[in-house]
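Per chain, numbering begins at 1; letters A, B, ... match sequence-line order. Everything quoted here is computed from the prediction, not taken from an experiment.
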Amino acid sequence: MAYWLLKSEPDAWSFEQQVKKGAKGEPWTGVRNFTAKQNLKLMKKGEHAFFYHSNVGKEIVGIVEVIREAYPDPTDESGRFTAVDVKAVKPIPKPVTLVTLKGDPRFSEMALVKYSRLSVQPVTDREWRLICEMGGAGR
DNA sequence: GCCAACGTTGGC
DNA sequence: GCCAACGTTGGC
């Protein structure tokens with residue numbers, strides 16, 4: 001079981017909107033970066049990902065689950081890119097901010113801190129556990 | 001296949 | 001709103 005982190009600008013697609021979609025979930029489209037695409041293709045059904053709000057909030061606000069593995073992104077005319085479907089699992093009661101992660105040496109190697117522009121990132125087991133604890137969410 | 005130019009992302 | 005970082009594109 002791998003863990004992931006998905007970034008979205010809440011003005012475009014927020015965790016609240018994701019929650020409203022319920023169990024049927026929503027396609028995660030619009031990734032136009034090859035590194036991010038590679039990560040999307042590695043995501044397996046049932047794996048969990050953090051939902052991060054970039055620009056507004058700059059914090060991890062929830063957890064989502066992959067319900068459909070990589071398929072061609074319907075919003076990409078060139079056919080080169082990939083989408084997955086995710087559904088909301090639960091919110092993070094106390095969102096964990098980028099500032100917090102940057103200030104904590106335990107996260108100095110985290111992709112979110114080192115490669116802030118990458119929109120689909122892997123998260124290590126340790127990072128996942130720590131952030132869940134800090135956010136007041138169960139695993 | 002290199003590399004300069006350009007565009008986009010995202011933190012501040 | 002600015003600007004740094006960095007990925008992509010396209011000319012050669």
Scan residues 91-102 of chain A for pairs that pass side-chain hydrogen bond (donor to acceptor under 3.5 Å, both in side chains), counting only residues two or more places apart or in two chains.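 Non-adjacent pairs meeting side-chain hydrogen bond (donor to acceptor under 3.5 Å, both in side chains): A:Thr97-A:Thr100.
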
Under the side-chain hydrogen bond (donor to acceptor under 3.5 Å, both in side chains) definition, can you give me all pairs with a residue in residues 50-68 of chain A, not counting sequence neighbours?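 Checked against side-chain hydrogen bond (donor to acceptor under 3.5 Å, both in side chains) - neighbours excluded - the pairs reaching residues 50-68 of chain A are A:Glu9-A:Asn55, A:His48-A:Glu65.
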
Test of understanding: with side chain to side chain donor-acceptor pair (under 3.5 Å), list the residues that count as partners of A:Glu133, not counting sequence neighbours. none

For A:Arg80, the side chain to side chain donor-acceptor pair (under 3.5 Å) test, sequence neighbours excluded, returns A:Ser78

Which residues pass the salt bridge (charged side-chain N to carboxylate O under 4.0 Å, His left out) test with A:Lys114, sequence neighbours left out?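 By the salt bridge (charged side-chain N to carboxylate O under 4.0 Å, His left out) rule, A:Lys114 matches A:Glu109.
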
Not counting sequence neighbours, which residues clear salt bridge (charged side-chain N to carboxylate O under 4.0 Å, His left out) with A:Asp85? List them please.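 For A:Asp85 there are no salt bridge (charged side-chain N to carboxylate O under 4.0 Å, His left out) partners, ignoring immediate neighbours.
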
Anything under 30° is parallel, anything over 60° is perpendicular, the rest tilted; go ahead and classify A:Phe15 against A:Phe51.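 Ring orientation of A:Phe15 relative to A:Phe51: perpendicular.
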
What is the first contacted nucleotide of DNA chain B and what is the last, in 5' to 3' order, if contact means an atom lying under 4.0 angstrom from a heavy atom of chain A? B:dG7 to B:dC12

Under 4.0 angstrom, heavy atoms only, what part of the nucleic acid is A:Tyr115 near: base, sugar-phosphate, or nothing? nothing

Mind checking A:Lys58 for me? I need base, sugar-phosphate or nothing, with any heavy atom below 4.0 Å counting as a touch. base

Does A:Asn55 or A:Asn33 map to a spot on DNA chain C nearer the 5' end, using the closest nucleotide for each?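 Between the two, 5'-proximity favours A:Asn55.
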
How would you list, by chain and number, every residue that makes a ring-ring contact (aromatic ring centres under 6.0 Å, His included) with A:Tyr71, sequence neighbours excluded?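 Result, ring-ring contact (aromatic ring centres under 6.0 Å, His included) vs A:Tyr71: none returned.
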
Residues in ring-ring contact (aromatic ring centres under 6.0 Å, His included) with A:Phe81, at least two apart? A:Phe34

Using the criterion of both pairing distances under 3.5 Å for Watson-Crick and G-U wobble pairs, give all stems of 3 or more consecutive pairs involving DNA chain C.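 In DNA chain C, stems of three or more pairs: B:1-12 with C:1-12.
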
DNA chain B contacts among residues 103-111 of chain A, heavy-atom distance under 4.0 Å: none

Pairs flagged by salt bridge (Lys or Arg N to Asp or Glu O under 4.0 Å) wherever residues 38-56 of chain A is involved - sequence neighbours left out: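 Every candidate salt bridge (Lys or Arg N to Asp or Glu O under 4.0 Å) pair involving residues 38-56 of chain A fails, so no pair, neighbours aside, qualifies.
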
